[in-house]
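For clarity, every value in this text was computed on a predicted model and none was experimentally measured. In what follows, every chain begins at residue 1, and chains take the letters A, B, ... in the order their sequences are listed.
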Amino acid sequence: MAYSEKVIDHYTHPRNVGTLDKSSSKVGTGLVGAPECGDVMRLQIEVDDKHMITDAKFKTFGCGSAIASSSLATEWLKGKSIDDAMKIDNMDIVEELALPPVKIHCSVLAEDAIKAAINDYRVKNGMEALESAKSHH
Amino acid sequence: MNLPIYLDNNATTPMDPRVLEAMLPYFNAKFGNAASRNHAFGWAAEEGVDYAREQVAKLIGANEKEIIFTSGATESDNLAIKGVFEMYKEKGNHIITCVTEHKAVLDACKHIEKLGGSVTYLPVKSDGLIDLAELEAAMTEKTILVSIMHANNEIGVIQPIKEISAIAHKYGALYMSDSTQTVGKIPVDVNADGIDLMAFTAHKMYGPKGVGALYVRRKNPRVKVTAQMDGGGHERGMRSGTLNVPGIVGLGKACELCRLEMGEDAKRLSKLRDKLQVSLTELEESYVNGNVEHRLPHVANISFKYVEGEGLMMAMKDLAVSSGSACTSASLEPSYVLKSLGLSDDLAHSSIRFGLGRFTTEEEVDFAIKQTKHAVNHLRDLSPLWEMFKEGIDLDKIEWAEH
């Protein structure tokens with residue numbers, strides 16, 4: 001199966017690889033997937049007082065499409081408010097990276113990771129937990 | 001050195017130019033039907049087939065009359081298993097095989113179950129070998145066939161076929177071997193090894209695709225299989241269909257070259273394989289899958305923990321290898337072979353099979369080592385699991401959200 005140029009670009013030059021301090025109250029961490037399934041994504045956001053995402057980092061264990069999906073997600077998250085970030089849909093990722101049907105689950109995982117990270121931030125800061133982040137597996 | 005480098009010789013091998021040369025006249029000048037007994041065109045084709053039959057038989061220590069040409073190992077496996085089941089149904093309906101067999105054997109056995117047969121699927125030990133005591137315990141008076149592969153296609157482990165055939169014969173059953181990975185690579189002798197039926201194919205030994213053979217013993221005992229295709233009664237009535245003369249000539253030539261050269265090839269390739277394996281297992285948390293003592297000389301299956309196989313292969317962009325990861329398949333299930341060794345799913349997802357071949361050079365192996373190490377390190381830098389492992393977090397204690 002051939003990968004799209006955008007997947008190869010993100011895979012070869014992944015954006016925002018790294019780790020934020022998960023104990024900080026400004027940082028939300030989402031860890032989704034499972035090693036048994038062949039993909040695990042950890043996505044982290046740093047959020048300022050106005051609920052704007054100032055930084056995003058990821059690390060992913062998975063195939064090229066999973067790595068590219070999470071790399072793209074971090075690019076999209078930076079500069080967004082946490083409410084706008086909630087609107088990122090997995091199909092946007094599918095479209096941007098031209099993922100084939102068999103790789104759609106990679107984009108779903110990225111969307112899950114975004115929501116899990118936002119939820120972690122919300123809970124840490126006394127906001128109501130998100131329904132959708134609890135899991136839609 | 002040309003890129004990419006082909007290290008997937010268990011999937012298929014490039015054709016040896018000498019094989020191609022032998023085949024070419026049979027596409028045009030000697031185009032006849034080998035079954036045309038009454039003119040020179042038929043005779044020329046038949047002569048090519050007869051010579052090939054001798055070349056094939058000689059490689060495996062058989063008589064040429066015991067060679068049935070087919071379209072490949074899948075057909076040979078099907079013909080052997082279904083053909084024996086039909087031919088010997090008066091005697092019994094029980095077949096024994098094992099869980100790491102190729103799908104051509106496993107699915108033929110499932111078909112037998114649908115027809116009312118009974119099949120025992122022996123497990124394998126963590127090194128990939130079957131337990132001979134378990135085999136013996138599974139034998140019954142209804143057992144007509146034991147079908148255990150010679151060497152496994154994913155991990156290369158070699159089953160003790162002499163001991164297996166002896167057990168089968170002790171209980172009056174036939175022994176069939178899927179030897180797709182071994183014929184032409186290591187010595188196989190149907191008499192010394194006690195083989196009654198054996199499947200193999202040309203394209204795994206530097207011959208063309210679309211042609212293979214089934215060895216069917218003619219003496220002590222005389223074995224028969226019921227044909228699975230109706231037609232002109234070719235190949236002693238066991239496999240109808242106009243013979244693929246150029247393919248058969250290619251298989252013959254490939255067998256001859258293997259007979260003359262496999263000893264040297266094996267010696268050279270096992271050194272290169274060992275070099276590759278030693279270098280790659282210098283990486284932390286890398287594991288060789290399967291028994292390393294009873295193993296094909298040209299194969300190494302290695303798991304690199306905390307990186308995923310498909311992602312890894314993408315970083316090994318100049319290397320053609322294969323992975324036990326199933327990320328490419330719709331099922332998302334990793335290799336059933338690795339899982340049956342007791343490997344956890346994550347290790348199975350992290351495996352890469354390196355398959356060297358006649359045309360692999362040391363320069364290519366050195367390049368492969370360098371690129372693989374680089375790829376593993378690159379992906380570990382990206383891997384949250386690697387980071388957690390380095391922090392001393394026990395990944396088994398985390399509650400993962402299965403999806």
Side-chain angles (χ1 to χ4, degrees), chain A residues 1-3 7-20 22 29-44 57-71 74 100-106 108-113 115-116 133-137, chain B residues 285 303-317 322-335 338-339 343-351 374-391 393-403:
Chain A
M1 182 184 51
Y3 291 96
V7 169
I8 292 171
D9 180 39
H10 275 281
Y11 175 81
T12 322
H13 310 287
R15 283 44 145 190
N16 309 309
V17 176
T19 309
L20 300 171
K22 64 171 181 258
T29 301
L31 182 67
V32 298
E36 292 73 35
C37 307
D39 36 31
V40 174
M41 278 181 198
R42 191 194 60 197
L43 202 146
Q44 294 182 300
K57 297 277 184 204
F58 86 95
K59 280 200 177 187
T60 290
F61 161 86
C63 66
S65 304
I67 289 169
S69 296
S70 36
S71 169
T74 57
V102 69
K103 294 296 183 187
I104 287 177
H105 73 276
C106 297
V108 173
L109 205 60
E111 186 188 321
D112 286 354
K115 297 206 158 114
K134 284 174 186 162
S135 184
H136 60 233
H137 293 302
Chain B
E285 295 295 307
S303 286
F304 302 98
K305 216 171 171 186
Y306 311 116
V307 296
E308 191 275 332
E310 193 197 336
L312 184 58
M313 285 198 294
M314 202 171 155
M316 297 158 69
K317 62 183 168 54
S322 68
S323 169
S325 156
C327 212
T328 40
S329 76
S331 70
L332 299 179
E333 277 294 311
S335 154
L338 295 177
K339 285 189 74 174
L343 248 68
S344 59
D345 281 11
D346 55 334
L347 267 179
H349 275 297
S350 302
S351 75
H374 183 264
V376 170
N377 289 328
H378 170 65
L379 285 176
R380 282 182 173 169
D381 286 344
L382 291 183
S383 168
L385 304 179
W386 179 249
E387 186 183 302
M388 292 156 106
F389 164 70
K390 281 287 169 185
E391 285 171 356
I393 297 169
D394 185 351
L395 294 174
D396 294 334
K397 297 229 169 86
I398 293 180
E399 274 186 46
W400 300 101
E402 302 264 353
H403 61 284

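Contact between Y306(B) and F61(A) at its shortest, heavy atoms only, is O-CD1, 3.2 Å.
Residues that satisfy the salt bridge (Lys or Arg N to Asp or Glu O under 4.0 Å) test with R42(A), not counting sequence neighbours, are E387(B). The salt bridge (Lys or Arg N to Asp or Glu O under 4.0 Å) test applied to K317(B) returns no partner, not counting sequence neighbours.
For A348(B), no part lies near chain A; criterion is any non-hydrogen pair under 4.5 Å. Both the backbone and the side chain of V40(A) have a heavy atom closer than 4.5 Å to some heavy atom of chain B.
L379(B) contributes atom CG, which lies 11.5 Å from atom NZ of K59(A) (distance to the nearest 0.5 angstrom). Between T60(A) atom OG1 and L385(B) atom CG the span is 9.5 Å, to the nearest 0.5 Å.
In terms of heavy-atom pairs under 4.5 Å with chain A, the best-connected choice from A315(B), G309(B), S350(B) is A315(B).
The closest side-chain heavy-atom distance from L382(B) to I67(A) is below 4.5 Å.
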Exercise for review: Evaluate side-chain contact (heavy atoms from CB on, under 4.5 Å) for I8(A) paired with M314(B), printing each intermediate quantity in order.
Suggested key: CA-CA 9 Å; I8(A) 292 171; M314(B) 202 171 155; 4.1 Å; yes
**Study point:** Test log, rule side-chain contact (heavy atoms from CB on, under 4.5 Å), inputs L31(A) and W400(B)
**Key:** CA-CA 9 Å; L31(A) 182 67; W400(B) 300 101; 3.8 Å; yes
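E308(B) places a side-chain N or O within 3.5 Å of a backbone atom of C63(A) that can act as its donor or acceptor partner.
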